[in-house]
Amino acid sequence: MASVSEIITRPRERVHAVKWIKNNLFSSWFNTLLTVLSSALMYTILSQLFIWIFTIANWRVIAVNLRLFMVGTYPLEQIWRLWLCVAIGTTLLGLSWGIWPHVVSRVAMVYGTALLLLALAPFGVTTRIWLAGCGALVFVGMLVGRRIPDAGRWVALTWLVFLPLMLILMRGFGTFLPVVQTRQWGGLQLTLVLAITGIALSFPLGVLLAIGRRSPLPAISLCCTLYIELIRAVPLITVLFMFQIMLPLFIPGGESFDRIVRAIVAFTLFTAAYIAENVRGGLQAIPRGQFEAARALGLNPFLTMSFIILPQALRIVIPANVGQFISLFKDTSLVVIAALLDLLGIGRSVLAQSEFLGLQTEVLLFVAAVYWIFTFSMSHVSKRLEQTIGGGNR
Amino acid sequence: MSEQAISPLPTRPPFWRDVRILAILGQVAFVLIIAVVAGMLYANVTSGMQRLGIVGGFDFMNQTAGFDIGVRPIPYSPSDTYWRAFRVGVINTLLVSILGIVLATLLGLLIGIAQLSSNWLVARLAQSYVVIFRHVPVLVQLFFWYQAVFLRLPRIQNAIELPGPIYLSNKGLIMVGLTATPSTSWWFGFIFIGVLGAVMIWYWLKRRQERTGQQAPRFLISLLVVATTTIIGWLVLATPPLELSIPERRGLNYRGGFELTPEYAALLVGLVIYTAAFIAEIVRAGIQGVAKGQKEAARALGLSASQSLRLVILPQALRIIIPPTTSQYLNLAKNSSLAIAIGYPDLFSVSRTIMNQTAQTVPMIGLIMFSYLIISLITSLFMNLYNRSVRLVER
């Protein structure tokens with residue numbers, strides 16, 4: 001077999017700039033017209049945007065409330081705990097970069113560099129030290145990760161352990177870590193907590209529902225099918241609302257449930273139905289022979305599922321599931337309607353201050369940009385993952 | 001070899017290891033658990049409702065609503081019943097969903113094709129559109145359109161006047177509208193007959209082409225039939241079936257014309273722009289999913305670029321495009337419930353008001369879920385029928 005270097009690649013065509021412009025922009029009268037029209041459109045939009053951003057917009061509203069946007073009313077003296085979470089997260093990101101360079105390299109590089117650059121901005125000294133430290137940890141993690149390329153499984157496990165650890169750190173316990181009530185959580189921190197816990201909890205539930213729906217036992221498959229179809233037919237907001245308003249009715253003493261917990265339960269139950277449908281698609285794509293072979297080897301249904309079928313099925317549906325997680329991330333903004341102060345909620349409450357009336361455009365654009373950074377990096381990683389696992393292995 | 005290995009399996013395993021019996025036992029246990037949990041929840045709800053003094057059932061819906069609704073496609077006043085108010089909400093949801101689906105499809109198709117344009121600049125512009133709007137939560141976009149665009153328009157005294165005339169102000173968009181006259185329904189009858197005739201002629205021409213190979217511009221002829229009956233209807237009827245209603249300014253308001261409230265406009269624009277980004281991606285993937293050889297074969301047969309797109313590529317791409325587009329349509333209808341955030345009185349928002357007034361949470365939630373279920377089922381039904389018609393015919 002020829003090694004990679006021996007395969008002759010297609011010679012790269014050297015294209016002259018003028019020729020390229022002619023081919024791609026002015027190949028016919030219609031194309032020329034399109035080019036002229038779209039350049040005019042682009043020029044208008046971009047020039048107006050630049051003028052607005054640099055001369056008209058009043059960014060003081062963001063600068064003054066930046067801490068609110070990021071962490072809500074989390075007490076200042078406890079903020080190191082959030083920074084610690086970020087630091088662990090960036091270290092893990094760096095390690096992942098070293099171990100799976102194809103998948104996360106670009107995102108990790110951009111995040112690390114951005115953190116280092118932000119450390120140059122005029123924040124307080126501690127903030128800048130944390131920013132620089134977190135940024136540096138990405139690159140340190142990468143260097144370490146390169147040395148231990150086989151530790152992928154451990155890093156993945158650490159990511160999983162990191163999630164409950166993060167929640168414990170944020171909430172606190174005992175005397176050393178004083179408890180920070182969840183009503184003091186807010187801003188981007190709350191958005192991330194809602195999204196991450198929602199993702200972590202809905203995935204296993206979704207897999208169970210998918211297996212249940214494909215079960216040969218009619219009672220189980222009927223129940224799962226009913227659940228999935230009912231949830232998928234109604235808007236998320238009704239589910240969210242039901243849990244905010246109706247939980248006290250369903251469970252005696254339900255008023256005492258934390259509002260954030262209620263929201264997380266709603267997100268989990270809602271997203272699980274969609275995950276289940278994705279996973280079902282993956283299960284259907286596994287050829288019958290795999291089931292029969294496992295059976296012939298003497299594996300019982302449980303072992304067949306967990307060691308033969310699921311590893312193959314879940315791999316197929318990674319892109320679809322990441323897509324679902326991205327929508328969950330975006331959908332966390334719906335807690336505004338349940339009066340929780342996530343990123344968008346903080347934006348709305350800042351706008352309600354008399355000092356910042358009429359600055360809707362600035363605040364909403366800022367909020368949109370923050371959401372965009374996270375969702376776009378998720379979809380970028382998913383695309384890379386798809387390319388990496390898509391080629392070969394089958 | 002030992003004796004046991006050759007001997008046939010024992011006739012039946014003991015029942016606690018018999019898969020068939022275990023399966024039945026397991027299911028019974030599962031159903032029992034679900035029934036017990038459901039029963040407990042039900043008991044809690046009824047006792048909770050008794051505690052709060054709420055009577056079950058839907059009788060309360062016949063009481064007087066007492067609240068006003070800003071957007072009324074059907075006559076409604078606060079003295080009407082809750083049922084009437086709920087119906088207004090349902091119609092408002094349908095109004096925004098149906099128009100939203102039509103517009104999002106058109107915009108999505110346009111941007112999806114533009115993403116594959118041979119013009120570098122156009123393709124990049126379309127791709128940026130998708131990348132930007134797909135990744136920002138739809139609620140943020142709705143707030144943006146409502147608070148940062150539509151409510152920021154000039155006040156009604158200095159409304160922006162566009163040719164038409166269309167007046168844009170922070171009270172919404174007002175443009176020339178059409179009002180029905182007594183003969184309108186007759187005129188629609190004419191149009192209906194025209195459409196029926198056009199469909200019949202279309203099929204007849206198609207059959208003739210399949211039998212004899214004789215070609216005719218089917219689409220053009222059908223269009224002509226519809227146009228002719230429409231015009232004949234207009235001329236035959238004594239009074240013109242539609243009258244123009246031109247908006248006139250009366251003090252701080254406009255009289256006549258067709259009016260879009262800023263809430264409706266923001267909801268529609270937000271949903272359309274968001275959903276179109278997803279549809280554009282689906283269209284792009286669908287067109288790219290058609291094997292390259294198909295396009296080359298079409299060109300080799302001498303079909304023009306537009307013919308090969310229309311007759312070879314699109315019919316095959318549609319098969320890939322329709323199922324995911326259906327779920328986008330459903331998403332749009334479901335996302336219309338975010339209207340509550342910007343104060344458009346849709347199904348969810350009206351129900352919320354009813355709930356606040358009557359404290360009848362449980363039946364109202366049931367009603368809301370049932371309504372969305374029906375809307376979803378009808379949409380899926382239509383899309384599945386359409387999907388069947390473009391499906392690959394296998395022998």
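In what follows, chains carry the letters A, B, and so on, assigned in the order in which the sequence lines appear, proteins first and then strands, with residues in each chain numbered from 1.
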Return the [atom1] to [atom2] distance between [X] and [Y], rounded to the nearest 0.5 Å.
{"X": "A:Leu351", "Y": "B:Gln147", "atom1": "CG", "atom2": "CD", "result": "6.5 Å"}
{"X": "B:Ser337", "Y": "A:Leu236", "atom1": "OG", "atom2": "CG", "result": "8.0 Å"}
{"X": "A:Arg232", "Y": "B:Ser376", "atom1": "CZ", "atom2": "OG", "result": "9.5 Å"}
{"X": "B:Leu338", "Y": "A:Leu334", "atom1": "CG", "atom2": "CG", "result": "5.0 Å"}
{"X": "A:Ser215", "Y": "B:Phe30", "atom1": "OG", "atom2": "CZ", "result": "9.0 Å"}

Would you mind checking which part of [X] comes under 4.5 Å of any heavy atom in chain B, side chain (CB onward), backbone (N, CA, C, O), both or neither?
{"X": "A:Phe241", "answer": "side chain"}
{"X": "A:Leu222", "answer": "neither"}
{"X": "A:Ser39", "answer": "both"}

- Might you point out which heavy atoms bring A:Ser333 and B:Leu139 nearest each other, and give the distance in Å?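 Looks like O-CD2, 3.4 Å.
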- Query: Shortest non-hydrogen contact from A:Val234 to B:Tyr372?
  - Reply: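 Looking at all heavy atoms of both residues, the closest pair is CA-CB, 4.4 Å.
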- Message: Test side-chain contact (heavy atoms from CB on, under 4.5 Å) on B:Met369 and A:Met242; report intermediate values, then the result.
- Response: CA-CA 11 Å; B:Met369 291 196 160; A:Met242 202 165 102; 3.7 Å; yes
Which atoms of [X] approach chain A - backbone, side chain, both or neither, heavy atom under 4.5 Å:
{"X": "B:Leu41", "value": "both"}
{"X": "B:Phe133", "value": "neither"}
{"X": "B:Ile375", "value": "neither"}

- Query: Picking from B:Leu151, B:Asn335, B:Leu121, which has the most non-hydrogen pairs under 4.5 angstrom with chain A?
  - Reply: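 If we count pairs closer than 4.5 Å to chain A, B:Leu121 comes out on top.
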- Among the listed options A:Ser327, A:Cys223, A:Pro235, A:Ala233, the residue most often paired with chain B at heavy-atom distances under 4.5 Å: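 When all of A:Ser327, A:Cys223, A:Pro235, A:Ala233 are compared, A:Pro235 has the most.
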- Between A:Ala369, A:Ser38, A:Pro216, which shows the greatest number of heavy-atom pairs under 4.5 Å with chain B?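 Of the candidates given, the most pairs with chain B belong to A:Ser38.
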Ignoring hydrogens and geometry, is there a side-chain-to-backbone donor-acceptor pair from [X] to [Y] under 3.5 Å?
{"X": "B:Lys334", "Y": "A:Ile237", "result": "no"}
{"X": "B:Arg152", "Y": "A:Thr361", "result": "no"}
{"X": "A:Trp372", "Y": "B:Arg134", "result": "no"}
{"X": "B:Gln27", "Y": "A:Ala219", "result": "yes"}

- Below 4.5 Å, heavy atoms only, C-beta onward: do A:Asp331 and B:Pro137 meet side chain to side chain?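 Answer no - side chains too far apart.
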- Task: Could you check B:Phe143 against A:Arg348 for side-chain contact (heavy atoms from CB on, under 4.5 Å), going step by step and ending with a plain yes or no?
- Result: CA-CA 9 Å; B:Phe143 277 133; A:Arg348 307 254 307 147; 3.1 Å; yes
- Query: Under the criterion side-chain contact (heavy atoms from CB on, under 4.5 Å), which of A:Leu33, A:Thr32, A:Leu34 is the partner of B:Asn119?
  - Reply: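 Going through A:Leu33, A:Thr32, A:Leu34 one by one, the side-chain contact (heavy atoms from CB on, under 4.5 Å) with B:Asn119 is satisfied by A:Leu34 alone.
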